[in-house]
Amino acid sequence: GPTGLPIASIVNEVTDFDWEYVFHCHILSHEEMDMMRPVTVKAAWTAPPAPTDLTFTRGSVILSWIDTTPVDYTDPVSWGDPLLGIGGTNPEQEVGFRIEQALVTDGVAGAFVEVANAPANSTTFTYTPLDQTITYDYRVTAWNEGGASSSNVIRVEGLPAAPSALTATVESAPALPAGYQVALNWTNNALTVNNVVVERAVGAGAFSVLATLPATDTSYVDTTVLPGPYRYQVRAVNDIGLSAPAGPVPVNVPQPGTTTVVVTDGTPSIVGQTVVFTATVDPVLATGTPSGTVEFFDGATSLGSDTLVGSTAGLSIATLGAGSHTINAVYSGDPVFASSTGSVVQVVNQGSSSTAIASDINPSTYGTAVTFNATVSVTGAVSPTGTVEFFDGATSLAAPVTLAGGSAGLTIASLAGGSHEITAVYSGDANFATSTSSALTQVVDPATSATVVASDLNPSIVGDSVTFTATVSVGFGS
């Protein structure tokens, strides 16, 4: 006791209360003197009331019921008082629920067996039978130490047996826009069926109903597919519901091919001439119309692109240089149709040129600088390159002058007096042929002069020798 003195003897009264709890009684600081004795308490129980309103929902089998005596875990008084020997303020509370199932054969239910259990306060339980095509009766039984009570019985009719042996085959179908179809075949196993439902999923997406067919159908052809992955499954349907699916079976629908044909409106052409290329894209073994773009290339160099209208795309160009060009038309493809390439050879010949010459002073005066300007003209957007050489008759007046912006000039002051036939000769280049201007008659007038006469002896005497000197001068040189 608290004073350290012995306490009165404790008499053990042996009574059977059905439940036995063992308590350890320790004397503090004297573990070697542990005392242990059984002490029993009794809580009187009353059989719980039966669960009510048992229903089910298809999923697996989702059972629901009402518990009329739920345990209040926040109120220990309701649990029972072992000193008083009663079950507390709620003696009908359940310890748990038994989920019970009975096999139904030809409409007659067999004996119920426990297939699962649920804790106290439960009002729903999901049970998945091994074979959902079998009909079972279900009930839920509440139990405690005082007894057990069962709910109303509900019957869960078995679903129809699932179809089997589902196959899906991609087939060529040239009469369809995308050129392919998927043929499905299966075996029906259910005895009573209203319909067969075909379901389809695109890629990893959700399944949706594709077709509802008569109960006897065992095949279906999907003519609405586009290129890409699909999954198919088939279910039987009766008044009870949908069977489990046959499948899913995956397939991959390929893209139909295309052909691209490119033509030119004229070959050979000449440098600077506008050429029109037209590409026509047609489906292969399909009836749809390809969409997208066509890009045109000269070898590896992109010339431009155009969007298909109907089945054609075009490109106009006037900048092709002389030579042979392989023009490739590359169709981009679209979500339905595959890409393709076509080519055509375009020959471009040298273009012609014309050269004109002009003088900035004509006539000119001997010794005066004259500038001749030559202009080379071509047709189209390509500019000529090369040189222009100037001639006085057959005599070259200077080294060839490089064209700049289609013109070249020469300034000269050494032309002799008289008439000169000046021409400009364009050398040509890879794109344009050579050309010679018409002759320009350049007139060079004599320069003005002044003459001064001087005497070495003036006045002189008769008989003296006199020397006269005449000096002629001009505005330049001598």
[Y] versus [X], side-chain donor and acceptor atoms under 3.5 Å:
X	Y	result
S435	S354	no
D360	N373	no
T192	N238	no

Minimal non-hydrogen separation, S164 against N189, with atom names: OG-ND2, 3.0 Å
I327 side chain near L303 side chain, heavy-atom distance below 4.5 Å: yes
Side chain proximity check, E100 to D137, heavy atoms < 4.5 angstrom: no
Any residue meeting salt bridge (charged side-chain N to carboxylate O under 4.0 Å, His left out) with E389, in chain and number order, not counting sequence neighbours: none
Set of residues satisfying salt bridge (charged side-chain N to carboxylate O under 4.0 Å, His left out) with respect to D217, sequence neighbours excluded: none
Ring pair (Phe, Tyr, Trp, His ring centres under 6.0 Å) against W186, all qualifying residues, sequence neighbours excluded: none
Under the side-chain hydrogen bond (donor to acceptor under 3.5 Å, both in side chains) test, which residues partner [X], sequence neighbours left out?
X	answer
S208	none
Q442	S359, N362, S364
T411	T371
T135	E157

ring-ring contact (aromatic ring centres under 6.0 Å, His included) partner of F97, the single match among Y127, F125, Y138, W65: W65
Could you pull out every donor-acceptor pair under 3.5 Å between side chains of residues 246-260 and any protein atom, sequence neighbours left out?
unit_1 : atom_1 : unit_2 : atom_2 : d
Q255   : NE2    : D334   : O      : 2.8
Q255   : NE2    : F337   : O      : 3.3
T258   : OG1    : A338   : O      : 2.8
T258   : OG1    : S340   : OG     : 2.7
T260   : OG1    : S340   : OG     : 2.6

D464, CG atom: more than 12 neighbouring heavy atoms under 6.0 Å: yes
Pairs under 3.5 angstrom only: tabulate donor-acceptor contacts from the side chains of residues 267-285 to other protein residues two or more places apart or in another chain.
unit_1 : atom_1 : unit_2 : atom_2 : d
T267   : OG1    : V347   : N      : 2.9
S269   : OG     : Q346   : NE2    : 3.1
Q273   : OE1    : I270   : N      : 3.2

Rounded distance [0.5 Å steps], CG in D456 versus OG in S465: 7.0 Å
Criterion side chain to side chain contact (heavy atoms under 4.5 Å, CB included) on F112 and V153, from CA distance to verdict: CA-CA 10 Å; F112 279 96; V153 175; 3.8 Å; yes
All pairs passing salt bridge (Lys or Arg N to Asp or Glu O under 4.0 Å) where residues 220-230 contributes a residue, at least two apart: R200-D222
Please output the side-chain donor-acceptor pairs of residues 307-318 that fall under 3.5 Å, not counting sequence neighbours, one pair per line with the distance.
unit_1 : atom_1 : unit_2 : atom_2 : d
T312   : OG1    : V309   : O      : 3.4

Side chain to side chain contact (heavy atoms under 4.5 Å, CB included) evaluation trace for I154 with T55: CA-CA 7 Å; I154 59 170; T55 61; 5.7 Å; no
Residue pairs, two or more places apart or on separate chains, that pass side chain to side chain donor-acceptor pair (under 3.5 Å) and touch residues 317-328: D298-H325
From CA spacing to verdict: side chain to side chain contact (heavy atoms under 4.5 Å, CB included), L226, V202: CA-CA 10 Å; L226 298 175; V202 179; over 6 Å; no
